[in-house]
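To keep things clear, I will list the structure first and then write my remarks on it.
Here the structure is a predicted model, which is why all the values come from computation and not from measurement.
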Amino acid sequence: MSSARYPILSSTMFLALFIAFLFVSPTYSTSRRALDHPKVQKGFQISLKHVDSAGNFTRFELLQRAMRRGRKRMERLSLMALAESDSSVESPVHAGNGEFLMQLAIGTPPGSYNAIMDTGSDLIWTQCKPCKQCFDQSTPIFDPKKSSSFSKLTCSSTLCDALPSSTCSDGCEYLYTYGDYSSTQGVMATETFTFDKVSIPNVAFGCGVENEGNGFNQGSGLVGLGRGPLSFVSQLDEPKFSYCLTSIDAKKTSTLLMGSLAGVNATGNSIKTTPLIKNPSQPSFYYLSLEGITVGDTLLPINKSTFALNSDGSGGMIIDSGTTITYLEESAFDLLKQEFTSQMKLPTDESGSTGLDLCFTLPSSANDIEVPKLVFHFTGADLDLPGENYIVADSDLGVACLAMGSSSGMSIFGNTQQQNILVLHDLHKETMSFIPTHCDQL
């Protein structure tokens, strides 16, 4: 049997994983010049921090926060899957929310803000004055009247046309909705965004004056990194980006690389590349073609249609930075669970205390355990995951759990399975690449 040794860790990593598993137009005195929107020609690096990295909560409070986050994200994704196959739903909805924050500055002079990174949506937006309905945020709300580089987007611009819902009165006004009926509404504009010392002019974004819903108050807005024309990556001269996520229990920051820097480590025999699949019903998502899964030496007898993207837009598999664990369509997960159980040399834990679907009871004196290898077979790319990317063990609780679960319809490749892998999204080539990387050393 193909297997690997997996060290038993203290409760810190287990708790960290469980935490993440269970989360009208304004009038401005600015010009309405025609949009001059040159593509950004720079590559740059952005630090990412996990949303709970600075928290000081009890275990119960952390569990409550994580459960709320997890429920909201899954509700959004479930509603999107429903919208895909329902022909009566005309306006697309988007993922929203996320697990990682980035720091940026907006305007001239620049003001600093934290924003949520979201690979499941396109729009870049922040809360703006005068706010009619805004959530609490830790930094002052952006005031466009105080920025000399703020300019409204004209109604005739291509990016205004790309909005799922817009009107034209005092500029290009937008309404952008998320899967749990959260939304942001305001005016589209261009502004200078600064990441560390790199300033990028004429970034198209939403200046939101009516923003409602749960999950946004981790930051002042979102930076959409989806595949549509409104996203930040699509506004770059080289439309590609990569992220490298450190282990969930690590205190070191993760990394986001944009533009020409995105593929800086994408060389050598270790790189695995697979094509991106398009779904017209959900054009923002990064769909992958998953052909099969191997546990140990056993290729699971999964029906070939299980992970296929259906003609009505339902099904398929997406890769998502904002979902913590991988969710497989129910019939595939049942096969994985059965085979994993048969190859593990430990009794199953039936207490249900962890919130994960498959757990095993640890020997009291164990320092490490043997776990089956796990390989995801994407088209053209066999991704052999390290044990820490799919097994989480807690010596205090005496359990080791598979960091995966089941879903109905669409499958999701989550961020735990992506840790310490440079994940390169190339929108020009329409490919995704995986490069094993020590993410804390970037």
Can you tell me if [X] and [Y] form a side-chain donor-acceptor pair at under 3.5 Å?
X: Gln137; Y: Gln127; result: yes
X: Gln419; Y: Asn389; result: yes
X: Ser199; Y: Thr194; result: yes
X: Asp426; Y: Thr431; result: no
X: Gln282; Y: Ser284; result: no

Original post:
Is the Phe376 ring parallel, tilted or perpendicular to the Phe378 ring (thresholds 30°, 60°)?
Top reply: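 Because their plane-to-plane angle is under 30°, the rings of Phe376 and Phe378 count as parallel.
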**OP:** Classify the ring geometry between His425 and Tyr286 as parallel (under 30°), tilted (30 to 60°) or perpendicular (over 60°).
**Re:**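 Judged by the thresholds at 30° and 60°, the geometry between His425 and Tyr286 is perpendicular.
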Do [X] and [Y] have side-chain heavy atoms sitting under 4.5 Å apart?
X: Thr306; Y: Glu329; result: yes
X: Val423; Y: Met432; result: yes
X: Leu427; Y: Ser234; result: yes
X: Tyr390; Y: Ile325; result: no
X: Cys134; Y: Ile141; result: yes
X: Leu225; Y: Asp118; result: no
X: Val209; Y: Gln185; result: no
X: Ile318; Y: Thr323; result: no

Would you say [X]'s side chain and [Y]'s backbone share a donor-acceptor pair under 3.5 angstrom?
X: Ser242; Y: Ala262; answer: yes
X: Thr326; Y: Gly414; answer: yes
X: Asp122; Y: Gly228; answer: yes
X: Ser305; Y: Ala308; answer: no
X: Thr437; Y: Ile435; answer: yes

**OP:** Could you give me the CA-CA distance, side-chain angles and deciding distance for Leu309 and Met317, then say whether side-chain contact (heavy atoms from CB on, under 4.5 Å) is met?
**Re:** CA-CA 8 Å; Leu309 183 60; Met317 168 174 267; over 6 Å; no
Subject >> Stepwise side-chain contact (heavy atoms from CB on, under 4.5 Å) check, Ser166 with Leu175 >> reply: CA-CA 6 Å; Ser166 65; Leu175 171 63; over 6 Å; no
**OP:** Assess whether atom CD of Gln338 is packed by more than 12 heavy atoms of other residues, nucleotides or ligands within 6.0 Å.
**Re:**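 Atom CD in Gln338 is not crowded, with 12 or fewer foreign heavy atoms closer than 6.0 Å.
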Original post:
Please walk me through it: do Lys337 and Asp357 pass salt bridge (charged side-chain N to carboxylate O under 4.0 Å, His left out)?
Top reply: CA-CA 9 Å; Lys337 183 177 178 180; Asp357 287 285; 5.2 Å; no
**OP:** Apply the test side-chain contact (heavy atoms from CB on, under 4.5 Å) to residues Trp125 and Asn211: give CA-CA distance (whole Å), side-chain angles for both, the deciding distance (0.1 Å), then the verdict.
**Re:** CA-CA 10 Å; Trp125 65 271; Asn211 314 295; 3.8 Å; yes
**OP:** Apply ring pair (Phe, Tyr, Trp, His ring centres under 6.0 Å) to the pair Phe193 and Phe205, showing each step before the final yes or no.
**Re:** CA-CA 10 Å; Phe193 279 59; Phe205 78 111; 5.5 Å; yes
Subject >> Lys304 with Glu291: basic N within carboxylate O range, under 4.0 Å >> reply: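 The answer is no: the pair does not qualify as a salt bridge.
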Original post:
Thr126 and side-chain contact (heavy atoms from CB on, under 4.5 Å): which partner among Thr184, Leu104, Ile106?
Top reply: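 Between Thr126 and the candidates, side-chain contact (heavy atoms from CB on, under 4.5 Å) is satisfied uniquely by Ile106.
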**OP:** Step by step, work out the side-chain contact (heavy atoms from CB on, under 4.5 Å) result for Lys129 and Phe142.
**Re:** CA-CA 6 Å; Lys129 291 184 177 181; Phe142 177 66; over 6 Å; no
Subject >> Between Phe195 and Phe232, ring centroids under 6.0 Å >> reply: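 Yes: the rings meet the under 6.0 Å criterion.
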